[in-house]
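The structure appears right after this line, and notes come after that.
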Amino acid sequence: MGKTEKKIRAVKGMPDVMMPDIKIWQIVEETAKQVFSTYGYHEIRTPILEHTELFQRGVGESTSVVEKEMYSFVDQGDAALTARPEGTASVVRAYIESGQCTIDPLTRYYYMGPMFRRERPQKGRQRQFFQIGCELMNVESPFADAEVIAMADHFLRDVGIEGLKLELNSIGCPKCRPSYNSALVEYLESAKSKLCANCVRRLGKNPLRILDCKKAECNKIVEEAPRFSKYWCSDCVEHFDAVKKGLDSLEVEYTLNEFIVRGLDYYMRTTFEFTTDKLGAQNAVLAGGRYDGLVKELGGPDIPGVGFALGMERLVLLLQQTMKDSQIEDLIYFAVIGESARDAALPIMQILRRDGVRVEWDYAVKSLKAQMRRAAKLNAESVVIIGDDEISKGQAVVRDMRAGTQQEVRIKDLPMHFVDIGG
RNA sequence: GUGGCUGUAGCUCAGUUGGUUAGAGCGCUAGGUUGUGGUCCUGGAAGUCGAGGGUUCGAGUCCCUUCAGCCACCCCA
């Protein structure tokens, strides 16, 4: 390593994931695949880069994600591309492009992968962040909403998360939202002087967002604001009632929260968040909702959809608090002393590995003591000791690290010895 | 993009009103046992004190600039 060269660092907000955290990531991914497949979902892998227009139209031109957070660039062939800031738009694009709706009356997808948003990093938020999401296409039934939420709940339980709250809301549909919007704006205009500066700005752009402003001054005003529930059209009321009924049947507990508002334009009717109070400002671990207009918006037929996405980093932060790092089990450590011992041990180790036994050794020439120390540190269940004595006798010493006992085993018989015992 | 806090060994941090060769614990490593671990004891390696500039006889310590990290706003998973 040169002294004068600058260290190359990871890009801001794009950290490496390695041991011990990677263990938790793998458990989360495995659990997701397992649970989602029991509900009939299949994985879809879409590209990380898409045409910028996809997100402009799908996520919404005026959302802050599209306005100022996307990693967009023009490639060498003059194509305007963007590193996906979320997963749903890509999945819907693929769904349309493949003509899937003409092949199958309904389709269930799940995906996992990195997303990119250029925000200021903070707790539970990175610029490259990993999402696992699900999309259920072409089902209008409110029981689709309920089942999707129940599946999320099922997954969170299986992965070992505790203490999350499910908050549920409906943000109406294109039929009833405009009338609520204008009622809300009218009310807020009258109280404009008491709102925080941010909310005054939101008034013109995205009044719904004022509902979940955290400032105390705004909360007071919001408390008196007209309720969306009073403005729902009959279809929305009916739909929401059925979603709640579905959740009851599926035994999922929820609390209603009229202030759950999603920040992406495509959501309508059902919206939900699984929240925690243990992640500072980022309380949403998994969130989603229904997006019936999106497929059409992206040039497909008028087809409904419902889904969710979860933030891996946030989930892992929570799991770190409950999961102990898993100890390496079933490890056989080879302590070899001298070159002839090493040469005798190498083929044995390889046979064991081919049988699925986990084997490690130290490549350097080290004292037996040092090798034993390392074996203990790795929590090996057994250590095979081979030195010149063992070579001449044809017998290795096998030490049981838990019991502290040891026995002699013929070197030739070592594979059988461990395969039989360890399974 | 806007604020606040923090940058001293791989990690967690001490470093007194600026004063000689920069410290501890953990970790790593070697020994205490001709070839036997998790406890204990002893040694060792490892830091251009985030970077650049300034004040001073002298700066880890004071001033300026800059970079990075963390947290919050905004927004979202």
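These numbers were taken from a predicted model, which means no experiment stands behind them. Reminder, nothing fancy here: chain letters follow the sequence lines and each chain counts from 1.
Separating the CZ atom of R120(A) from the C1' atom of rU2(B) is a distance of 8 Å, rounded to the nearest angstrom. One interatomic measurement links the two molecules: CG of L317(A) to P of rA77(B), which rounds to 17 Å at whole-angstrom precision. In this structure, Q406(A) places its CD atom 10 Å from P of rU36(B), rounding to the nearest Å. Whole-Å rounding puts the K12(A) NZ to rC70(B) C1' distance at 10 Å. One interatomic measurement links the two molecules: CD of E273(A) to P of rA77(B), which rounds to 8 Å at whole-angstrom precision. Atom-to-atom, CZ of R127(A) to C1' of rC74(B) comes out at 14 Å; the value is rounded to the nearest Å. Residue R84(A) contributes atom CZ, which lies 15 Å from atom P of rA77(B) at whole-angstrom precision. Following rounding to the nearest Å, L279(A) (CG) and rC71(B) (P) show an atom-to-atom distance of 10 Å.
Not one N or O on the side chain of Y39(A) forms a donor-acceptor pair closer than 3.5 Å with the backbone of V148(A).
Counting non-hydrogen atoms under 4.0 angstrom, G280(A) reaches the backbone sugars and phosphates but no base. Within the 4.0 angstrom heavy-atom criterion, only backbone atoms of the sugar-phosphate kind lie near R9(A); the bases stay farther away. Counting any heavy atom pair closer than 4.0 Å across all strands shown, I132(A) reaches no nucleic acid atom. Within the nucleic acid shown, G133(A) has no heavy atom closer than 4.0 Å to any nucleic acid atom. Among the atoms of the strands shown, none is found under 4.0 Å from any heavy atom of E86(A). Looking at heavy-atom distances under 4.0 Å, A375(A) makes no contact with the nucleic acid at all.
For Q26(A), the CD atom sits in a packed shell: over 12 heavy atoms of surrounding residues, nucleotides or ligands are nearer than 6.0 Å. Annotation: R410(A), atom CZ; neighbour count of heavy atoms from other residues, nucleotides and ligands within 6.0 Å does not exceed 12. More than 12 non-hydrogen atoms from other residues, nucleotides or ligands lie less than 6.0 angstrom from CZ of R353(A).
Comparing the same atom, C1', in rC70(B) and in rG25(B) gives a spacing of 24 Å after rounding to whole Å. Separating the C1' atom of rG7(B) from that of rG19(B) is a span of 24 Å, rounded to the nearest Å. Using atom P as the reference point in both rA22(B) and rU61(B), the two lie 14 Å apart (nearest Å). Look at the C1' atom in both rU33(B) and rC40(B): the space between them is 14 Å, to the nearest Å. Taking atom P in both rG15(B) and rU8(B), the straight-line distance is 14 Å, to the nearest Å. Annotation: rC74(B) and rU2(B) have their C1' atoms spaced 9 Å apart (nearest Å). Comparing rG23(B) with rG60(B), their P atoms are spaced 13 Å from each other, to the whole Å. For rG44(B) and rC49(B), the C1' atoms lie 22 Å apart once the distance is rounded to whole Å.
The closest side-chain heavy-atom distance from E381(A) to I332(A) is below 4.5 Å. When side chains are defined from C-beta on, F274(A) counts as touching D153(A), because their heavy atoms get closer than 4.5 Å. Using a 4.5 Å cut-off on side-chain heavy atoms (C-beta onward), E258(A) and L211(A) make no contact.
The six-membered or imidazole ring of Y41(A) lies away from that of Y110(A), with a centre-to-centre distance of 6.0 Å or more.
Under the ring pair (Phe, Tyr, Trp, His ring centres under 6.0 Å) criterion, the residue pairs touching residues 11-33 of chain A are W25(A)-F130(A), with sequence neighbours excluded.
Annotated stems with RNA chain B as a participant read B:1-7 with B:67-73, B:10-13 with B:23-26, B:28-32 with B:40-44, B:50-54 with B:62-66, given as range with range, by first number; only runs of 3 or more Watson-Crick or G-U pairs under 3.5 Å qualify.
Remark: the E135(A) side chain and the Y291(A) side chain contain an N/O donor-acceptor pair separated by less than 3.5 Å. Counting only N and O atoms by type, the side chains of E86(A) and Y266(A) include a donor and acceptor under 3.5 Å apart.
The side chain of A287(A) has rA77(B) as its nearest neighbour among rA72(B), rG37(B), rA77(B). Closest to the side chain of Q122(A), out of rC74(B), rG37(B), rC70(B), is rC74(B). Side-chain proximity of A376(A) to the nucleotides rA77(B), rG37(B), rA72(B) is greatest for rG37(B).
A donor and an acceptor atom never sit less than 3.5 Å apart when one is taken from the side chain of Q371(A) and the other from the base of rU36(B).
If F129(A) and K68(A) are placed on RNA chain B by their nearest nucleotide, the residue sitting closer to the 5' end is K68(A).
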Quiz item: In the 5'-to-3' direction, what one-character label does each nucleotide of nucleotides 26-35 of chain B receive under the scheme B = base within less than 4.0 Å of a protein heavy atom, S = sugar-phosphate only, - = no such atom?
Solution: --SSSBB--B

